[in-house]
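A quick write-up on the structure given underneath.
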Amino acid sequence: LNALVASCEIFITLQTEFLAMEGMNQLLETVELVRKRLNPSLQVTGIVANQYDSRKGLHKEVLKTIQDHFSDKLFKTPIRDVIALAEAGSFGMDIFEYKPKSNAACDYSELATEIINQEREL
């Protein structure tokens, strides 16, 4: 709560699962409450879909739902669900140190470019 009060903008990371959508609804309610009562400048400026597996129908459905409801906020690059992310953390490394040519490293690089471009537009 303190972080929301102290922030001007937030990104929401959202796992592409049904229950995560429920959690996001609760988070958005909290953000709106903070905006009304404590921090009127707080804005959700980006949503990152993560742990995405394009082979799973549920993930595709959840991603489509996010796109339908938050197309202006959803970053185009979903972060794919790859084992290298878990492995990197277990070795105390980030994905760029652990497997710099992995799909996840590529996804995070593309996401970083999107974020930089978004900030330049402001």
Side-chain angles (χ1 to χ4, degrees):
L1 187 60
N2 288 338
L4 293 176
V5 173
S7 300
C8 295
E9 66 178 305
I10 61 169
F11 294 158
I12 297 173
T13 59
L14 182 64
Q15 186 177 358
T16 51
E17 297 282 348
F18 174 75
L19 290 178
M21 292 286 295
E22 293 296 315
M24 182 170 163
N25 288 333
Q26 292 174 0
L27 177 59
L28 291 173
E29 289 174 9
T30 301
V31 167
E32 189 58 31
L33 186 64
V34 168
R35 184 179 307 134
K36 285 181 180 176
R37 294 186 179 174
L38 300 167
N39 182 358
S41 65
L42 180 62
Q43 297 293 321
V44 175
T45 56
I47 298 172
V48 179
N50 70 359
Q51 294 185 322
Y52 178 70
D53 186 338
S54 63
R55 299 170 297 179
K56 295 181 178 178
L58 176 64
H59 288 206
K60 289 179 184 179
E61 284 182 42
V62 170
L63 187 60
K64 173 122 177 53
T65 301
I66 299 166
Q67 289 168 333
D68 291 345
H69 289 90
F70 303 102
S71 61
D72 61 326
K73 304 228 184 297
L74 180 64
F75 288 108
K76 291 180 179 95
T77 307
I79 306 302
R80 288 174 272 191
D81 187 19
V82 295
I83 193 67
L85 286 169
E87 291 171 346
S90 70
F91 290 110
M93 303 168 83
D94 63 48
I95 193 64
F96 300 105
E97 294 171 310
Y98 183 68
K99 285 201 176 171
K101 295 185 183 199
S102 68
N103 287 335
C106 292
D107 293 345
Y108 275 110
S109 291
E110 287 180 36
L111 177 62
T113 300
E114 279 190 70
I115 292 169
I116 290 166
N117 290 336
Q118 180 188 64
E119 291 300 313
R120 286 183 178 153
E121 292 174 6
L122 298 177

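Residues V82 and L85 are in side-chain contact: their nearest non-hydrogen atoms beyond the backbone lie under 4.5 Å apart. Residues L4 and N39 fail the side-chain proximity criterion, which asks for heavy atoms closer than 4.5 Å. At least one side-chain heavy atom of M21 sits less than 4.5 Å from a side-chain heavy atom of I66. Here the side chains of F70 and L28 are in contact, with some heavy-atom distance below 4.5 Å. Counting heavy atoms from C-beta on, the side chains of H59 and E17 come closer than 4.5 Å. When side chains are defined from C-beta on, E9 counts as touching E119, because their heavy atoms get closer than 4.5 Å.
Using a distance-only test at 3.5 Å, with no hydrogens or angles considered, a donor-acceptor pair links the side chain of Q118 to the main chain of T45. A distance-only check finds no donor-acceptor pair linking the side chain of D81 to the backbone of D53 [under 3.5 Å]. Side-chain atoms of Q67 never come within 3.5 Å of backbone atoms of L74 as a donor-acceptor pair (strictly under, hydrogens ignored).
A single hydrophobic cluster is seen to contain both L58 and M24, as judged by linkage of ILVMFWY side chains at heavy-atom distances under 4.5 Å, directly or through other members. Following chains of ILVMFWY side-chain contacts shorter than 4.5 Å, one cannot reach I115 starting from I47, and the two form parts of different hydrophobic clusters. Transitive grouping of hydrophobic side chains (ILVMFWY, heavy atoms separated by less than 4.5 Å) keeps L63 and F11 in distinct clusters.
Between E61 and K64 no salt bridge is recorded (no basic side-chain N to carboxylate O distance below 4.0 Å).
For K56, the salt bridge (Lys or Arg N to Asp or Glu O under 4.0 Å) test picks out no residue, with sequence neighbours left out. Qualifying salt bridge (Lys or Arg N to Asp or Glu O under 4.0 Å) partners for R37, counting only residues two or more places apart in sequence or in other chains: none. Applying the salt bridge (Lys or Arg N to Asp or Glu O under 4.0 Å) criterion to D72, with sequence neighbours excluded, gives no partner residue.
The two residues A105 and F96 make their nearest non-hydrogen contact at O-CE2, 3.4 Å. Counting all heavy atoms, side chain and backbone alike, E97 lies closest to D94 at N-OD1, 2.8 Å.
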